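Here the structure comes first, spelled out in structure tokens, and everything after it is commentary.
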Amino acid sequence: MVALPLRPATTAQASSENYVPCAWRSPDEADMSAWEVSPMAALRTVDAGVKGAPVGPLVHGPVLECRELHKRFGDVEAVHGVSLQIAAGETYGLLGPNGAGKTTTISMACGLLEADRGEVIVAGRPLTTRSVAAKAAIGYVPQELAIYPDLSARENLRFFARLYGLSAAAANARVEEVLAVIGLAERAREPTKNFSGGMQRRLNIGIGLLHRPQLLILDEPTVGVDPQSRNAILESVEALSAEGMAVLYTTHYMEEAERLCDRIGIVDLGELKAEGTRAELVALVGEHDRVTLEGTGDLEAAARACKSLSSVRAASVQDGGVQLIVDSARSVLPELLRTATDAGLAVSAVEVDEPDLETVFLHLTGKALRD
Amino acid sequence: MKVVTIATTDLRRLLHWRANIFFLFVLPMLLILLLGAAFGASEKARIGVLGANEGRLARQFVAALGARPSTELHRYTSADALQQAVARGRVDAGLEFPAGYDARLQQGRGVTIGYFARPNSVAQQLRATVQSVAAEQSRTLAAAQVIQRDLKASFASALARAQAAAATTPRVLVQLSAPDGSAYRTTAGRFDSGASTQVLLFVFLNSLSGAAFLIETRRLGIARRILSTPTSTGTLVAGQLLGRLAVALLQALIIVLGSLLFFGVNWGEPLGTAAVLVSFCLVGTGAAVLLGSLFASEQQAGPVALLLGLGLAALGGSMAPLEVFPNTARTIAHVTPHAWANEAFSKLLKHGGDLVTVLPQVGVLLAFAAVAVTAAVWRLRHSLTV
């Protein structure tokens, strides 16, 4: 059962109303109060002197376009004909179980792996493993903690800032901004091996934001993260997307995909089985919402009255309640309650059961997402 | 510029580990001190003498020995004390004159001088010096006996005439020089040899140990992440090579400056020494990167680094001088870069060589480096892109 607020599935730049302030806090850092910093503050602050950083107007058309990507490792076809597009301000989720081909797909999407066939275009430029300039548009956050454990957070950030092409002065300024964003400013001098898992994960993400990329690629960024840090990461991704950044997010957590993603691609066995908004995917498999009204009074009369509504496909009395099959529970619920009450039912509880991505995944692949 | 960023980060990581200060600085200095104390040759060979007052001839023998520029006399009054001094290394050899030394010689009888020494090359050289003094006294005595017999003079008078004649007789002198005619320096400082062999041992060993940094960078996914930035594979490889080279050069510099400062080691002609060290550091760099690209974990590479670092050093003359190797072993030793570098240092430090003198060895070392670096680059690129 889900009742998650979904953002409009738009590919246009999101408005600033969607901005969510971020306050990353984990149990081991409860004494730190200076973190309540907007992740957007750093993104808005333009650092002059950044060489090659994708500051400026967003590209017209998709920020990322993958066309018919194929990749084979020996006898195993890891990716088979995957095509997708992501616009500025859009968060696209690749949802699939472990081994579905998500990491291989994003490895090709960020120029780490050469496709056997197909093409990747980033910010209008073709991308291969040798396309150094095109990589400047991408911020890649790998699944593993790709940070030096014996260097401090500041040294790690400064190292990658220089590799992203920032000048020494710009790198220093930007590093301090990102340290504030990820809530590590006060522990910036400590070796990262002393950090908690959540702190390391935040640093891992912070590195990908150093050069303010047009496209942020996150490969299962919440694996092994405590609930507070996980929530903060999700809020941060929402905020970055709202600011206009295109985000490619891979996960095998259905809840994350439903919460974050404007569009979702369902991947299994190297193939993109389906893609679209959550509603589109649910519609694709032809599932309907189920509403159960519990209460006292004339159950049969209430069922009959509700069935006369055009959006109600079926109504019956079961287990001391009225069970209704409807097209969209969210839109029809007020009318259902009014109709049932008018028919003599004193409603004491309402239960809404919407088909979720788990259902869609099961329908499309014949197996559960966590298999 | 990114190459420098990658290299300096490598160096910074090395210096973050306090234990590395010990391996880079303290341990090499300690070994140079120990090797110098145990095996190093001092400016003069120390010889202990017992029974030097056995007569005029014994005193003359000892005086002649003491007049040699390479000997330093120490007098002892008992055989036990002298033997103990030799055994404990306070002197390199002991010389014992028998009772009645002068009387027996005056009677025309033979005399045996006792010589006992430590089993090292200094004692062997000292033995030759003692033998030459003995031969010189024998010749003078032989002349004195002829004079005594022919002129019916007293032994003292005959000896005086023989000694006077010997002083004016032209001598056969031997001039030492290198094959090319340049001056032949026969004395090196006590710590010179140890310092040059240890610099090679530690540069190579610490370079190979540094392969773990490369493996860790790859294992943690940092290399992959670097390649997701606008950084080419070539830049990453060049950065990692430069980082390893910086570590090797730092190690060499620490040992050279440290040994110069603390032990007054003479490193010979600066250009020649620099050429040998830089080319050897390049070999270490190539070997380190090759090792780092061949293994998947630090645990696998560690023992191999230790084995190669110490094994090649031993085989190449960094633990015992190449000069004491049998011919076959010396030939085999030259499959190692250490042997070529040690040979170059021998020319620079023992024979006063310069850059030109060591060019053949430097050339071979550069060839070693070229092969190692080429193989390393190929393997590293492969390991980064798979």
Side-chain angles (χ1 to χ4, degrees), chain A residues 51-54 73 103 106-107 109-114 122 125 127-152 155-156 158-168 171 191-193 200 204 207-208 210-211 213 215-217 219, chain B residues 1-21 23-24 209-240 242-243 246-247 292 296-298 380-386:
Chain A
K51 291 188 293 183
F73 297 109
T103 298
I106 65 164
S107 294
C110 63
L112 285 170
L113 193 63
E114 206 73 65
V122 174
R125 288 173 162 168
L127 179 77
T128 68
T129 52
R130 292 173 300 282
S131 309
V132 172
K135 289 181 183 175
I138 303 170
Y140 170 57
V141 180
Q143 186 176 346
E144 67 270 28
L145 292 166
I147 52 179
Y148 285 118
D150 45 359
L151 295 186
S152 68
E155 286 170 325
N156 268 290
R158 201 172 285 160
F159 171 67
F160 280 102
R162 300 288 282 148
L163 294 185
Y164 276 122
L166 274 67
S167 67
T192 60
K193 63 186 172 195
Q200 289 176 330
N204 204 35
I207 290 170
L210 279 164
H211 59 309
L215 171 65
L216 182 64
I217 298 179
D219 190 5
Chain B
M1 207 51 206
K2 289 179 184 175
V3 171
V4 176
T5 301
I6 294 166
T8 51
T9 300
D10 218 13
L11 202 56
R12 185 175 292 127
R13 293 187 64 210
L14 178 85
L15 299 177
H16 264 280
W17 291 90
R18 297 259 162 84
N20 284 333
I21 306 291
F23 287 110
L24 284 172
S209 303
F213 283 94
L214 302 183
I215 295 170
E216 189 185 36
T217 300
R218 210 171 56 245
R219 181 177 57 77
L220 292 175
I222 296 169
R224 187 175 150 85
R225 182 168 211 164
I226 290 171
L227 292 176
S228 79
T229 70
T231 304
S232 68
T233 311
T235 302
L236 174 55
V237 169
Q240 295 197 323
L242 188 63
V247 171
S297 76
E298 297 93 310
L380 190 59
R381 287 187 80 101
H382 179 72
S383 68
L384 289 171
T385 50
V386 166

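Proteins come first, then strands; the chains are lettered A, B, ... in the order of their sequence lines, and each starts at number 1. Not measured: the values here are computed from a predicted model.
- Of all non-hydrogen atoms in B:Thr231 and A:Leu163, the two that sit nearest each other are OG1-O, 3.5 Å.
- Looking at B:Arg13, its side chain never comes within 3.5 Å of a backbone N or O of A:Leu151 through a donor-acceptor pair.
- Within the 4.5 angstrom heavy-atom criterion, no atom of A:Gln143 approaches chain B.
- Minimum heavy-atom separation, A:Thr103 to B:Arg224: CG2-NH2, 4.3 Å.
- The shortest heavy-atom contact between B:Lys2 and A:Arg162 is CE-O, 3.9 Å.
- Side-chain atoms of B:Arg225 come within 3.5 Å of backbone atoms of A:Asn204 as a donor-acceptor pair (strictly under, hydrogens ignored).
- Closest approach of A:Ala146 and B:Gly221 over heavy atoms only: CB-O, 3.5 Å.
- For a residue to count as touching a neighbouring chain, one of its non-hydrogen atoms must lie under 4.5 Å from one of that chain's; by this rule A:Leu145 touches chain B with the backbone only.
- For A:Phe160, the part sitting under 4.5 Å from any heavy atom of chain B is the side chain, from C-beta outward, and nothing else.
- The choice from A:Gly139, A:Pro142, A:Ala134 that makes the most heavy-atom pairs within less than 4.5 Å of chain B is A:Pro142.
- The distance from the CG atom of A:Asp150 to the CG atom of B:Leu15 is 11.0 Å, given to the nearest 0.5 Å.
- In A:Arg125, the CZ atom is not crowded: 12 or fewer heavy atoms of neighbouring residues, nucleotides or ligands sit closer than 6.0 Å.
- A:Ala136 and B:Pro230 make their closest contact through CA-CG, 3.6 Å (heavy atoms, listed as atom of the first residue, atom of the second, distance).
- Side chain of A:Lys135 to backbone of B:Leu227: a donor-acceptor contact under 3.5 angstrom is found.
- Using a 4.5 Å cut-off on side-chain heavy atoms (C-beta onward), A:Ile217 and B:Ser228 make no contact.
- B:Ile6 has its side chain within reach of A:Phe159: a pair of non-hydrogen atoms, C-beta onward, lies under 4.5 Å apart.
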